[in-house]
Amino acid sequence: MIQRLLGLPIVASEHGPQLDFYTALVHLLMLALFLGWGAYFVFALHRFSAKRHPRADYYGTKSKFGKQSEIVVGIIEVLFLVGFAFPAWAIRVNAFPPESEATVVRVIGEQFAWNVHYPGADGKFGRTDIKLVDANNPLGLDRRDPDAKDDITTINQLSLPIDKPVIVHLSSKDVIHSFGLPYFRVKQDAIPGMTIPVWFKPTMLTPEGESWEIACSQLCGLGHYRMRGFITIMTPDKFAGWLKEQAAAQ
Amino acid sequence: MQPIPIIGAYLSAANAPGGVMLPEFYNQLGAMHGTIMVFMGVVPLAVGGFGNFVMPLQIGAPDMAFPRINMASYWAYFVGGVVMLASFFLPGGAANSGWTSYVPLAVTATVGQTWWLLGMVLLITSSLLGSLNFIVTIFQLRAPGLTFMRLPIFVWLQLVTAYLLLLAFPPLEAAAVLQLMDRVAGTSFFLPSGLVVSGQILGNSGGGNPLLWQHLFWFLAHPEVYVLILPAMGIVAEVLANNIRKPLWGYKPVVYSAIFLGFMSFVVWAHHMFLTGMGTTMSAFFQTTTMIISIPSVVILTSLFLSLWGASIRFTTPMLFALAFLPMFGIGGLTGLPLGLAPTDIHLHDTYYVIGHFHYVVAPGTLFALFAGIYYWFPKATGRYMNELLGKIHFWGSFVCINIVFFPMFIQGLAGMNRRLYDGGIQYAHAQTAAKWNMPMGHAAFALWAFQLFFIFNFFWSIKKGRRSPSNAWDATTLEWAAAPSPPPHGNFPEPPVVYREAYEYSVPGHPRDFTPQNEPETKRDK
């Protein structure tokens, strides 16, 4: 309903509906203020035009309405901050699930693709080295490292199981990108020299024949517009099968 | 991809072969649009133009305090502008990393970025010189009797603006020099170790941090928003007071709010950076300051709205633009709310919602105020009025078109359509419906341009053929109208004016006329 009214895209993550709800509340406040002041504005222009009101009143309004409305707006803003923004943000950036209970992946942006790195069956990411980067090994993964033996890398395809939290360790090889998942209400800059974790929990399967997208959301050069990856949410069984397929293809 | 209609044929083959724009050129236009509008358009017009012309007249000064510094400021601006515009003709074209010039993208960009940085250093220097001059002039050259609480609002807001320019620009000037060093001298203030760009290990990188640039940039660029809006509010206040024929409601709260706004504008910058990995403490701080800064803006807007109560409104062309500013700036301010709360910013960040938000502030907001100012002070500068009919056509056409251009951006942003995409994001599934707005928006943009022709014609025609105006063209109270001839001669005033009363003494009870100029000596009636 909220989604429809505001024209928001599909929401496929656990925290998404809460953010949407508050987006709607904020817009409701905005609308009320705009319509309220708008009605006053139109009335005042009509009532106090020089034609209808040839002599202006030096003293103007004595009403305390201005101050009162300012105080009300201030209080509502405090409520939004304390009741929603602070706790909701804390959940996004602090309340990470334990890695043992989550799907953990690395996503490394580069001009103009998303490299996805799964740790494989051992749950450990192999060593990477920029000296090993080449066309066939965009991450510079050192396959001689025992932890790297079973690692899986894909380009522009992030597959995830449903109903299990995901932790993405995000970084970039070259310039700043932004890992935007419009259907999941997730967006986080990928900044070279830093690894920033971001988490969410997918709650909807990607329908057969549909492709959900990773949209680069920070200007990253002339190919920014085509830096488009895909995210697919699968049943756990299907995800396990997909991982096996990918492992065979490495 | 289709060729751009009409204009496409005139673009060079390097930028738009066969009239189809290349992504490289699109990125140049994006970066340079922001730079030109902010640093070469609005600031020079609102501060350099209106400030320099109107402010000394309103305070009863013969000129700015330091005419030579003023000239230096102008020439720094002129050379900076030439450098910026000339950069389009470099190999690889002008700067293409956004007006924000985020690193490392900007450091690895084509040579246009070097010229952008040089141009910025010159433009910033220009603003710094100008701001010093404004502050000294307002403090030193006010007419006898013109106390601070008798200053017209426009002068107050120019004063606050000058402080913002003085204090916010130096960090960006330093940052621009550092980025220049990163580009040409092999330093790495902003580059971390281990960058691999297009498969090549970047030789000079190491030890720097890309976020340092963002902090320095936004430390300027947020106060800059208020540099764009405060002079505009000042113009609106002047035009409004004159056309409601009564004093502005809440003069003192407006002044105090503007000063408070100035201070606060230095502690909100990181709300542009919520998605850079910001933790809870820092995001809480910047969300709180962002909500706090909305209060003085609300106070100013409320005061202007409430000023209408009991007025006798004259719907002149400048007044129409000033009135339209109020709800338009209102939309711009309100849509800042979901962007200022970090969790709701996640979905809207870097979408068209942001573009819509700040364009409502600076296009139908600031630009409309600047139009109001031009129509209003034109008789002072030329001794002639601009044509009212052409002015009204210009207003209504612009008002309708500009809303068709910018309002759909909120719909597109909510749908998740990203900004700065060469193809408008048409590849993305979530953009399919909202992208349909691009057509009406594009048509409205052309129509908006066409309506500006009425203004341009009116402007030049009225200089020669406009109806002659008396020196006080609008029966106004402030000194530029009450004490100076139109156009003002060298030295502005035939004799130095003396001020006896507050700025907006309209419709004072017991006075025969509905305006009492600031320089009208006190009579028994005033007691």
Side-chain angles (χ1 to χ4, degrees), chain A residues 6-9 19 22-23 26 30 33-34 37-38 41 44-45 48-50 53-58 60-61 66 70 73-74 77 80-81 85-86 88-90 93-94 111 130 133 173-176 178 182 185 187-189 191-194 196 213 215 217-222 224-225 228, chain B residues 23-24 27 98 102 104-105 192 194-197 201 210 245-246 249 275-277 279-280 283-284 287-288 291 295 298-299 302 305-306 308-314 327 330 334 337-338 341-344 346-347 349-350 411 414-416 418 420-423 427-430 506-509:
Chain A
L6 289 173
L8 293 162
L19 297 194
Y22 279 95
T23 304
V26 174
M30 288 151 63
L33 284 171
F34 186 77
W37 277 109
F41 186 55
L45 292 184
F48 297 111
S49 71
H53 202 247
R55 180 85 192 173
D57 169 17
Y58 178 76
T61 175
E70 284 154 17
V73 170
E77 287 184 349
F80 270 123
L81 281 175
F86 294 167
W89 190 254
V93 299
N94 279 352
Q111 290 171 324
I130 56 166
V133 169
K173 282 161 67 179
D174 40 35
V175 303
I176 299 175
S178 189
R185 310 298 187 264
K187 200 176 285 157
Q188 171 62 53
D189 288 0
I191 302 172
M194 301 169 74
I196 301 168
E213 289 145 324
S217 307
Q218 184 65 265
L219 180 66
C220 61
L222 62 94
H224 169 52
Y225 72 100
R228 168 171 170 252
Chain B
E24 292 88 330
N27 283 354
Y102 276 10
L105 181 64
L195 290 185
V196 185
V197 179
I201 297 176
R245 314 307 294 165
K246 63 184 275 299
W249 194 87
L275 303 187
T276 55
T280 45
S283 85
Q287 291 179 78
T288 307
M291 291 301 125
I295 301 292
V298 169
V299 170
T302 303
F305 270 128
L306 289 182
L308 297 174
W309 196 267
S312 177
I313 303 168
R314 303 188 306 203
L334 288 170
L337 273 175
L341 297 167
T344 44
I346 294 173
H347 179 62
H349 197 94
D350 265 309
I411 300 168
L414 284 165
N418 277 349
R420 291 174 164 173
L421 298 175
Y422 161 65
D423 62 357
Q427 302 172 52
Y428 287 102
H430 63 262
Y506 288 102
S507 304
V508 181

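So you know, we letter chains A, B, ... as the sequences are listed, proteins then strands, and number each from 1.
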When you measure from the side chain of A:Lys187 to the backbone N and O of B:His349, does any donor-acceptor pair fall under 3.5 Å?
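Yes, the answer is positive, given that a donor and an acceptor are paired below the 3.5 Å cut-off.
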Is chain B contacted by the side chain of A:Gln188, its backbone, both, or neither, given a heavy-atom distance below 4.5 Å?
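It is both, since atoms from each part get that close.
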Tell me, do [X] and [Y] make a side-chain contact under 4.5 Å, heavy atoms counted?
{"X": "A:Ile176", "Y": "B:Pro104", "result": "yes"}
{"X": "A:Leu19", "Y": "B:Thr344", "result": "no"}
{"X": "B:Pro343", "Y": "A:Tyr22", "result": "no"}

Can you tell me how far [atom2] of [Y] sits from [atom1] of [X], rounded to the nearest 0.5 angstrom?
{"X": "B:Ser507", "Y": "A:Arg55", "atom1": "OG", "atom2": "CZ", "answer": "5.0 Å"}
{"X": "A:His53", "Y": "B:Arg245", "atom1": "NE2", "atom2": "CZ", "answer": "14.5 Å"}
{"X": "B:Leu337", "Y": "A:Thr23", "atom1": "CG", "atom2": "OG1", "answer": "11.5 Å"}

In terms of ring plane angle, is the pair A:Trp37 and B:Phe305 parallel, tilted or perpendicular, where the classes change at 30° and 60°?
parallel
Least distance between heavy atoms, B:His430 atom then A:Ala215 atom:
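Here B:His430 and A:Ala215 meet closest at CE1-CB, 4.5 Å.
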B:Asn418 versus chain A, the contacting section by heavy-atom distance below 4.5 Å:
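Contact with chain A involves the side chain of B:Asn418 alone.
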Against chain A, label B:Leu308 side chain, backbone, both or neither, depending on which of its atoms sit under 4.5 Å from a heavy atom there.
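Contact with chain A: backbone and side chain both.
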